[in-house]
Structure formats: C-alpha cells, structure tokens
Number of protein chains: 2
Amino acid sequence: MDHDVVAKLRKAGLRPTRQRIALAKLMFGKGARHITAEQIHGEALSGNVRLSLATVYNALNQFTAAGLLRQVVVDPARSFFCTQTHEHHHFFYEKTGRIEDIPEDMITVARLPEPPPGTSISRVDVVVRVDG
Amino acid sequence: MDHDVVAKLRKAGLRPTRQRIALAKLMFGKGARHITAEQIHGEALSGNVRLSLATVYNALNQFTAAGLLRQVVVDPARSFFCTQTHEHHHFFYEKTGRIEDIPEDMITVARLPEPPPGTSISRVDVVVRVDG
DNA sequence: GTGATTGCAAATCTTTTGCACTAAA
DNA sequence: TTTAGTGCAAAAGATTTGCAATCAC
C-alpha cells in the first residue's frame, strides 16, 4: 500500500513525491528485484506513471544513498539496483544479462584477507558468472 | 623483449602490429597490472608510442577475447583490464578507485551453490570493497 | 598485391547536470 | 510561502563504429 511506502521514504528522509512513491512501489512491491534505471522507467510508463528517466536516475541514487537499495556491479555496460540491502551474492547470466540472488547461506567466504592498514572492509561481493 | 610479445600475439592469432606490440609490452612487461584503456593510452603516449584511444580499446578487447587479459568489473564508471588470467580476486579501494590483487589462496569460497540446470559456472569473482 | 589493422571523427549509450517550473509541507 | 523535487534538454564520459589510408605478410 501507499502508506508503507510513504513511511519508508519519510524514514529515509526523502519527501514522498508522486514519482518516488510510484518507483518505490514498483521496486519494493514484489519481492527481491534487480533492475536497471531503464527497465524501471519502462515499467512506470507502462503503468501510466509519467516521469522522466532523469528523475528515475536521481531517485534510484537517492534510494541507494539512503540505504534502501544496493547497487550491483556485474556488467560494465549498465548498473543494476537491487532491493536486498543485506549481505548477499549473485548469479550473473552472461548470455541474458540477468541477475539472480544467491541465498546468503549458500556461500561461505573463508579466510578473508586483512584489509590494508588504515582501511576497513565495507562490503564483500561474490559474483558467480554462469554461461547461460 | 619484443620476441616474447610477438610470439604471444602470434599464438593468440593476432597479427603483431606496432601498436599491439607496444601495448603488450606495457601490459605484460611489469608484473600484474590493473589498468584502464585511458591509462594505458596515456602511458603509451608518454613513451612516445603514437596510437589512438580507439585502437587501444580495440586491442584490449581483442586481447581479452584471446584470453590474454581479463576484464574486472568493480566500478560502474569504467572497465579495468587485468593481466592475471587465472582465478583470483580483488581489493577495490572505493576512495581512490584503485584495484589490487588478492592472492588466490587468501580467499576460500566454500559451498558454492549449484548453477541452474543447463548452465555451468564460468567464473567466480570476489570483490572486497575497502573504504580507503 | 591483398586482406587485416589503424586513425580519426562521428555515433552510441548510459548517466549526470543546469535551470525554469511545479508540488509538498 | 518556502524549499525540495521534477522535467527537459543539453552535457559529460566511456566505449564503439564507419571508412579511407596504411601496414604486415
């Protein structure tokens, strides 16, 4: 419902505008998603939500900065935004360019190296590339 | 020496042109490197090797297709090419945008998930992001 | 010679930005 | 009102491409 999404945006310090509400409903309304700005923009237009691609980029970046989304880097050509904000990993289908979550407990990274002095690890990403 | 590089290119099925030889010497002449097209182009020009950025992109892509280089995807803004072609992983320094190898035996990925039916794993990349 | 390769500039693509306009509080 | 947010079109980057000139064999 709108209420959830509005509350979510408010809590993140983002003013709940028509565009942000619509995007948030698309992003968070149907489980885990991995989607590009272009794709979400297309979905919005299909659903009769009129908004510009620039606004989509701005909103997705703001959501990411606020911790509502995560950016997944697997494809040099474009950025995917992912609705799972906790530590988890990904399958990347090289043929189709699709991304899929790997349940966090399916992968164990043992013996992580020490980060260089003066730094700390902010995140560990595992990408399993699949030729499908 | 030139001979090594020429042989390497020939074996990869690439005609050893002046430009490809120069690039190969820069890439493979000083141990493991992680470098962008822009950076290598700059190095070449500094070393009085005249070649266009377009040719650098073409050559690096050909080297990658031939298995001489690997592309590392960590930064949505640009592509890094890496001279280590065997399985290994990376530190990514978020502040400086630099990449560094993690010796392969420093990380152990336990319990890799099964790839979806009909596919096989082509590669596993681990990126340790560091806030330095 | 002949076919592969290069260079340049133009084209493409994704993402960001400037600024006048609109909407939320 | 007042300030944040939006749209558009233009700008900015990175990378690719078309085609005539050039080079390797």
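Values reported hereafter were calculated over all heavy atoms of this structure, with side chains retained and with hydrogens, waters and symmetry mates removed. Just so it is clear, the model here is predicted, and its values are computed rather than measured. Chain naming here is simple, since letters A, B, ... match the order of the sequence lines and numbering starts at 1 in each.
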Peer 1: Sugar-phosphate atoms are those with a prime plus P, OP1 and OP2; base atoms are the rest. Using that split, label each nucleotide of nucleotides 17-25 of chain C B, S or - for protein heavy atoms under 4.0 Å, 5' to 3'.
Peer 2: B------BS
Peer 1: With the threshold set at 4.0 Å, does a side-chain nitrogen-carboxylate oxygen contact exist between B/Asp131 and B/Lys95?
Peer 2: no
Peer 1: With sugar-phosphate meaning primed atoms plus P, OP1 and OP2, does A/Thr36 contact a base, only sugar-phosphate, or nothing at under 4.0 Å between heavy atoms?
Peer 2: nothing
Peer 1: Rounded to whole angstroms, how far apart are CD on A/Gln62 and P on C/dT15?
Peer 2: 16 Å
Peer 1: Rounded to the nearest 0.5 Å, how far does CD1 of B/Ile40 lie from CE of B/Met27?
Peer 2: 5.0 Å
Peer 1: In whole angstroms, how far is the C1' atom of D/dT15 from the CZ atom of B/Phe81?
Peer 2: 10 Å
Peer 1: OH of A/Tyr57 versus C1' of D/dG13: gap in Å, rounded?
Peer 2: 13 Å
Peer 1: Inspect the contact between B/Glu43 and B/Arg33 and indicate whether a charged nitrogen and a carboxylate oxygen are less than 4.0 angstrom apart.
Peer 2: yes
Peer 1: Hey, does the side chain of B/Thr55 reach the backbone of B/Leu51 with a donor-acceptor pair shorter than 3.5 angstrom?
Peer 2: no
Peer 1: Tell me if the CZ atom of B/Arg123 is crowded by more than 12 foreign heavy atoms within 6.0 Å.
Peer 2: yes
Peer 1: Which of these nucleotides, C/dT6, D/dG7, C/dT14, is closest to any side-chain atom of A/Ser52?
Peer 2: D/dG7
Peer 1: Roughly, in whole Å, what's the span from CD in A/Gln39 to P in C/dC13?
Peer 2: 16 Å
Peer 1: Could you tell me the separation between the CZ atom of A/Arg50 and the C1' atom of D/dC8, rounded to a whole number of Å?
Peer 2: 13 Å
Peer 1: Taking only N and O in the side chain of B/Arg20, is any of them less than 4.0 Å away from OP1 or OP2 of C/dT6?
Peer 2: yes
Peer 1: For B/Glu87 and B/Arg70, what are the C-alpha separation, side-chain angles and deciding distance, and is it a salt bridge (charged side-chain N to carboxylate O under 4.0 Å, His left out)?
Peer 2: CA-CA 10 Å; B/Glu87 192 85 6; B/Arg70 228 181 217 231; 3.8 Å; yes
Peer 1: Without swapping roles, check the side chain of A/Ser122 against the backbone of B/Arg129 for a donor-acceptor pair under 3.5 Å.
Peer 2: yes
Peer 1: Would you jot down, in residue-number order, the residues of residues 64-75 of chain A having a non-hydrogen atom under 4.0 Å from DNA chain C?
Peer 2: none
Peer 1: Looking at B/Arg50, is its backbone amide N or carbonyl O close enough to the side chain of B/Arg18 to form a donor-acceptor pair, meaning the two atoms are under 3.5 Å apart?
Peer 2: yes
Peer 1: Rounded to whole Å, please give me the gap between CZ in B/Arg78 and P in D/dT15.
Peer 2: 9 Å
Peer 1: What integer distance in Å separates A/Leu53:CG from D/dG7:P?
Peer 2: 11 Å
Peer 1: OP1, OP2 of C/dT5 versus side-chain N and O of B/Thr55: anything below 4.0 Å?
Peer 2: no
Peer 1: Return whichever of B/Asn61 or A/Ala59 has its heavy-atom-nearest nucleotide of DNA chain D closer to the 5' end.
Peer 2: A/Ala59
Peer 1: Specify the residue among B/Pro76 and B/Gln19 whose closest nucleotide of DNA chain C lies further upstream toward the 5′ end.
Peer 2: B/Gln19
Peer 1: Look at all strands and tell whether A/Ala77 reaches a base, only sugar-phosphate, or nothing, counting heavy atoms closer than 4.0 Å.
Peer 2: sugar-phosphate
Peer 1: Could you tell me the separation between the CG atom of B/Leu60 and the P atom of C/dT6, rounded to a whole number of Å?
Peer 2: 12 Å
Peer 1: Measure the spacing between CG of A/Leu68 and CG of A/Leu23 and express it to the nearest 0.5 Å.
Peer 2: 12.0 Å
Peer 1: With rounding to the nearest 0.5 angstrom, report the OG1 to CG distance, B/Thr85 to B/Leu69.
Peer 2: 8.5 Å
